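Treat the numbers as computed from the prediction; the structure is a model and nothing was measured. Values reported hereafter were calculated over all heavy atoms of this structure, with side chains retained and with hydrogens, waters and symmetry mates removed. Within every chain, numbering begins at 1; the chains are lettered A, B, ... in the order of the sequence lines, protein sequences first and strands thereafter.
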Amino acid sequence: MSKTLKGLLAAACAAVVLITMLSGCQMPLKRYSISYTDTFDTVTVFSAYCSSYDEFSEAANAVHTELLRLHSVFDIYFETSSVYKLNSESKLESADKELIELTALGKEYYNLSGGKLNIAAGSLLRLWHQARAEDVLPNADALIKAAEHIDISKVAISDDDIIISDPDLTLDFGALAKGYAADKAAEKAIECGLTSFLLDLGGNIKAVGKKPDGEYWTVGIKNPDVEGEVDSQILTAVNALDVSVVTSGDYERFFEVDGKRYSHIIDPDTFYPAQLYRSVTVIAAESKIADALSTSLFCMSLEDGKALAKSLDAQVMWVTADGICEKTEGFIEYEKK
Amino acid sequence: MKKSKYIADFALFCAVMLIAAVALIAGRSVRSDGTSAVVRLNSKEYAALSLNENAKLDVEGLLTVAVENGEVYILNAQCPDKLCERHSRISKSGETIACLPFGITVEIVGAEYDALI
Amino acid sequence: MKTKKLTACGVLSALAFGLSYIELMLPSLPIPGAKLGIANISVMIALYILSPVEAALVSFVRLILSWLIFGSFTGFIYSLCGSVLSLITMAVLKKTGKFSPVGVSIGGGVCHNIGQLFAAVLFMGRSVLSYLPVLLIAGAVTGAIIGLLVAGVLKSLKSFRKGT
């Protein structure tokens, strides 16, 4: 065999071997996932791309610990939770920093939403929680009575203390807590060095970074009209790049009486579940904003909702009770084509 | 310069290797992480396992499909050659382990959505 | 068919079957379908000292025998697809006159595996296509080995060829 030919063939073989090796040689980031069922009364799934299981495990534990901690602050049923103590004694001295933060946030959103998001509506919400458990509508008089004690101005923050001047007023952070917790938990994951993860806190999504192959974390939004096999009927999907996506819908925690569906989001002005929309999806940079907005907007007119979303730099998609889909311009840009 | 009579043979060998390398790369570049493993028996879907949960599935007593830390492999194969057991663990969408004698395949599929709300 | 040819076919078919039996007893490689294919030695000898027709006959008889004795119908189908493609390829490569038995065997080995993969796709779906790169490499390597063996055998059969 001639020398040049030998050389050529050797080079060809070397090239083949090199290409084959290189194709498998990038430091692979693997996808790991874990789920928890012990926080915020819901299923939490944490998925991340990490260079090792240990790295993932460390971050997942940090996330889980933070979620448990916040759950114990805000859970209204836990007798040892800060909120429980605050509600039963109508005051809490040296309250948790987070509780103060969220109370302040609640007051802020009360103003922003024209009263539609009301963390002081605990007494009203409690009646509906019970109703949902028993599948019967709450007594109309009881609702009116309970609604006499939802005046948020009676909730005051003084340094480290929270004081409620109406003894029958109880706080319920259901509209804000998950979003707030998702933000905090995500911070922990970032502190652990993670650059690509998705936290799904019972439908409250916080996504950070892109996947290693350059793809976005994809969030599918269910079609509220499809019964049963909802997983196969998706309304649309959004590319979640460093944003939070939250949907409030009447197809999650609801109950039916006489064929009529009652969602879990109560309009503080009517005392009854809001009936304007089937679902409201919000995309915002912070999860606490997305969560607060999805609840507020569920009870607000489209016009008011659009204005509020715009002022907070959030994108929204509404599915009205008639099944019509409304989207802000920015929302469309997030959608996967 | 005497040409070896094996030149054409060697060229053919290299050509095949090149095609194999290309096929390997082409297969790899579209691989993304999977989210579930679909088990098929004689081309019909038999079961689907999520890669998020560790699990073991006994397929008609013929072999066991195991999911561990997001990877899938075969155990307890009753086939004569047990090649399926010796296959490396798979986790990327499109990757497959096949047990030819039993007509069983396990393929990783990637879901379209990372979350559904 | 001339008696000598017939006898040769008979001997080669038996040899092919015997070789495939021996192959079953060897430890198998960690790749599905990556058999050494030593029975192919027999088929190739038939191809070189007789003709493609006889080679096909030897191959087919061996497959039938294997099916009857070892009982696998799907195995038979896979092997049949592999053998047909392999034989056509080998006959063509040999005809060009540019390849030695090594090259012909490489072509045969690779195409045998491609044929089998094709059959597997029909039975088990497109997912098995991921085995292609590995099968191509295995086919080429085992083909080369078998080719070298065949070249050696053919050399010592020179006297027989002169006599046909």
Engineer: Would you tell me whether C:Ser100 and B:Asp9 have side-chain atoms, one donor and one acceptor, within less than 3.5 Å of each other?
Structural biologist: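 There is such a pair (donor and acceptor under 3.5 Å, judged by atom type) between the side chains of C:Ser100 and B:Asp9.
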Engineer: Aromatic ring centroids of C:His112 and C:Tyr78 under 6.0 Å?
Structural biologist: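 C:His112 vs C:Tyr78: aromatic centres not under 6.0 Å.
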Engineer: Under 4.5 Å heavy-atom distance to chain B, tell me which part of C:Val102 shows up: side chain, backbone, both or neither.
Structural biologist: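 C:Val102 touches chain B through backbone and side-chain heavy atoms alike.
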Engineer: Who passes salt bridge (charged side-chain N to carboxylate O under 4.0 Å, His left out) against B:Asp114, sequence neighbours left out?
Structural biologist: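 By the salt bridge (charged side-chain N to carboxylate O under 4.0 Å, His left out) rule, B:Asp114 matches A:Arg31, A:Lys211.
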Engineer: Of all of C:Gly139, C:Gly147, C:Gly103, which one pairs up most often with chain B through heavy atoms under 4.5 Å apart?
Structural biologist: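 The residue among C:Gly139, C:Gly147, C:Gly103 with the greatest pair count is C:Gly103.
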Engineer: Non-hydrogen atoms of chain C under 4.5 Å away: do they reach the side chain of B:Ile19, the backbone, both or neither?
Structural biologist: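 For B:Ile19, backbone and side chain are both near chain C.
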Engineer: Between B:Lys56 and B:Glu68, does any side-chain N to carboxylate O distance fall below 4.0 Å?
Structural biologist: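 Result for this pair is no, no salt bridge flagged.
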Engineer: Relative to chain B, which segment of C:Phe123 carries a heavy atom at a distance below 4.5 Å: side chain, backbone, both, or neither?
Structural biologist: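 When you check distances to chain B, only backbone atoms of C:Phe123 fall under 4.5 Å.
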Engineer: Are side-chain N/O atoms of B:Glu85 and B:Tyr73 paired as donor and acceptor at under 3.5 Å?
Structural biologist: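 B:Tyr73 and B:Glu85 do not have a side-chain donor-acceptor pair below 3.5 Å.
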Engineer: Using non-hydrogen atoms and a 4.5 Å limit, figure out which bit of C:Leu129 sits close to chain B: side chain, backbone, both or neither.
Structural biologist: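 Contact with chain B: none, neither part.
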